[in-house]
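A short worksheet on the structure shown next.
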There are 2 protein chains.
Amino acid sequence: MTDTSTSPRRASRPPRAPRRDAAENRVAILDAAISELNHDPDASLETIASAAGLSRRSIYGHFSTRDELVAELNDRGIARVTAALAPIRHSDARIALALVGARLWSEVEDVRVTAQLAIRGPRREIVGKGLEPVRRGVLDLVRQGVEAGQLRTDIEPGTLARLIEGAALSVLDEAVRADISRDEGHRLVMLVALSTAGLSWREAAELIDASPELAPDAQPHASHHAGDTE
Amino acid sequence: MTDTSTSPRRASRPPRAPRRDAAENRVAILDAAISELNHDPDASLETIASAAGLSRRSIYGHFSTRDELVAELNDRGIARVTAALAPIRHSDARIALALVGARLWSEVEDVRVTAQLAIRGPRREIVGKGLEPVRRGVLDLVRQGVEAGQLRTDIEPGTLARLIEGAALSVLDEAVRADISRDEGHRLVMLVALSTAGLSWREAAELIDASPELAPDAQPHASHHAGDTE
DNA sequence: AATAACTTGCACATCAATGTGCAAGTTATT
DNA sequence: AATAACTTGCACATTGATGTGCAAGTTATT
């Protein structure tokens with residue numbers, strides 16, 4: 001049990017670093033949870049635990065309640081999405097929008113769980129709050145694009161932003177259903193985002209092919225900070 | 001399921017017709033269930049019952065188990081969707097596709113619950129089977145459109161069909177989030193379906209405005225009269 | 001090797017939801 | 001008014017999941 005109580009019984013006890021295997025197990029739990037919740041948003045701790053190769057009891061050594069585990073997953077998801085989308089800035093809103101799709105694609109699993117949580121469950125309000133900045137970002141892109149005459153004007157920006165988001169999620173769903181390859185999904189999510197944004201399919205393809213920053217390998221991967229000596 | 005047939009069977013039980021209020025209550029339960037499950041896919045019978053203005057206990061007078069209630073909802077949903085989409089036939093696949101969106105829109109609530117059930121829960125396989133014909137129909141339309149050079153060819157028909165379905169559902173979600181008016185939703189779902197199918201937003205709008213059968217008041221039953229208005 | 005950290009299995013308490021039985025009320029229908 | 005249909009409240013059994021306490025085992029770390 002991770003003692004969170006701040007009762008300074010004696011001199012401050014130095015919180016030691018967790019054991020290596022324990023740290024690994026913690027990650028294993030998180031990963032298993034993501035994976036299992038992708039299949040069934042109501043997966044039990046039992047299920048998650050055994051998927052992580054641990055006993056249910058052990059989970060409580062890392063997370064004091066189920067909610068805490070989910071919350072952590074959630075924070076992680078939001079953090080990843082935010083990190084992935086934050087640096088996107090481009091003079092062409094269409095490209096930026098495609099980039100949003102592409103970045104989401106590179107985080108499929110986390111994104112899906114987070115998105116599910118944002119829709120269902122009692123936490124949906126809170127999760128929604130966390131995603132607020134991301135949504136604002138997309139909305140700003142849409143506005144920028146409309147302003148520049150690059151995107152459709154027949155749908156209100158706010159609505160359009162949410163629809164693009166929804167369209168992208170559809171691709172992620174489809175990706176889980178049918179096993180879609182990395183590059184295929186990469187292109188697909190961009191195509192769909194652009195289509196929803198108002199481009200014809202030929203325009204979308206043209207734009208993607210003409211923009212080197214949208215190539216499947218132009219993805220600046222999330223920071224593996226610290227070059228580990230190998 | 002519900003045997004209303006007056007089979008001349010004098011075994012031991014003459015099956016009488018249900019009392020009028022009972023029949024009404026049954027419908028009330030179904031309606032309440034739809035509504036509540038739209039808010040929370042895991043709504044309890046307690047919640048549903050009180051939303052229907054009844055006690056939880058009374059539900060068991062109409063449905064012997066929760067599953068049976070859900071199954072009935074499901075059948076009803078599939079029936080409605082099927083009925084709404086079955087008569088759609090048109091030489092122009094784009095119009096037909098828009099029509100699919102429009103018809104789904106007219107059944108929003110039922111469609112959403114059914115769609116949810118098709119994704120979550122242990123019944124998803126069964127529900128999916130029920131929707132099979134509908135999906136085949138959409139797929140056929142997509143193929144027809146591709147054949148005729150009216151729809152995009154950069155996405156595999158099977159995938160495209162599912163993406164269109166997903167896009168339409170996004171609109172339905174959006175409709176629940178923000179209160180969208182009947183006509184607004186009607187147009188929106190068509191626009192999004194066509195956009196996903198590959199049209200630019202201007203093409204989509206043009207097509208919709210030029211097709212009287214896509215007008216918000218074009219009624220569900222009278223199938224189609226030869227399109228001559230151009 | 002010694003220690004503390006971690007895992008595990010079991011027993012147990014709790015909780016929310018489902019489904020039943022039954023007796024007492026209401027209400028539609030004849 | 002008489003009857004059967006229906007609703008309701010309460011008690012109760014059941015089930016699945018969560019969360020705890022504890023003792024006994026394992027394993028990383030020193």
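All figures in this text were calculated on a predicted structure; none of them were measured in a lab. Labels below follow one simple rule: chain letters A, B, ... track the order of the sequence lines, proteins then strands, and each chain is numbered from 1.
- Spacing between atom CG of B/Asp42 and atom P of D/dG16 amounts to 16 Å, rounded to whole angstrom units.
- One finds no side-chain N or O of B/His62 lying less than 4.0 angstrom from the OP1 or OP2 phosphate oxygen of D/dC6.
- Considering all non-hydrogen atoms of both residues, A/Trp105 and A/Ala175 come closest at CZ3-CB, 3.3 Å.
- Taking the side chain of A/Pro18 as heavy atoms from C-beta on, and the options C/dC6, D/dA4, C/dT8, the nearest nucleotide is C/dC6.
- What you find for B/Leu139 and B/Ala161 is that their closest heavy atoms are CA-CB, 4.1 Å.
- Taking only side-chain nitrogens and oxygens, B/Thr65 comes nearer than 4.0 Å to OP1 or OP2 of C/dG19.
- Across the strands present, D/dA13 finds its partner in C/dT18; the criterion is a Watson-Crick or G-U wobble pair with both atom distances under 3.5 angstrom.
- Within the shown strands, D/dA5 is the pairing partner of C/dT26 under the Watson-Crick or G-U definition, both distances less than 3.5 Å.
- Comparing C/dT27, D/dT8, C/dT18 by their closest approach to the side chain of B/Asp21 singles out C/dT27.
- Listed by chain and number, the residues in a salt bridge (charged side-chain N to carboxylate O under 4.0 Å, His left out) with A/Asp31 are A/Arg76 (sequence neighbours excluded).
- The distance between atom CZ of A/Phe63 and atom C1' of C/dC6, rounded to the nearest whole Å, is 15 Å.
- Contact detail for B/Leu85 and B/Val100: the closest heavy-atom pair is CD2-O, 3.8 Å.
- A/Ser55 has a side-chain polar atom (N or O) that falls below the 4.0 Å cut-off from OP1 or OP2 of C/dT8.
- Put simply, CD on B/Glu46 is 16 Å from P on D/dT7, counting in whole angstrom units.
- Here the P atom of nucleotide C/dT30 and the CZ atom of B/Arg20 are 9 Å apart, to the nearest Å.
- A straight line from CD of A/Glu24 to P of C/dA5 spans 18 Å, rounded to a whole angstrom.
- For B/Leu54, taking side-chain heavy atoms from C-beta onward, the closest of the listed nucleotides D/dA17, C/dT7, D/dT8 is D/dT8.
- For A/Asn25 and C/dT7, the shortest distance from a side-chain N or O to OP1 or OP2 is below 4.0 Å.
- Positionally, the nearest nucleotide of DNA chain D for B/Ala22 lies more toward the 5' end than for the other of B/Arg57 and B/Ala22.
- Across all strands shown, B/Arg19 has heavy atoms under 4.0 Å from base atoms, whether or not it also approaches the sugar-phosphate.
- Between the C1' atom of C/dT30 and the CZ atom of B/Arg16 lies a distance of 8 Å, rounded to the nearest Å.
- The pair B/Arg177-B/Glu174 meets the salt-bridge criterion, with a side-chain N (NZ, NE, NH1 or NH2) lying under 4.0 Å from an Asp/Glu carboxylate O.
- Evaluation of atom-type donor-acceptor distances gives no pair under 3.5 Å for the side chain of B/Arg56 against the base of D/dG9.
- With rounding to whole Å, A/Leu69 atom CG is found 10 Å from D/dT18 atom P.
- One can place OH of B/Tyr60 at 21 Å from C1' of D/dA5, the figure rounded to the nearest angstrom.
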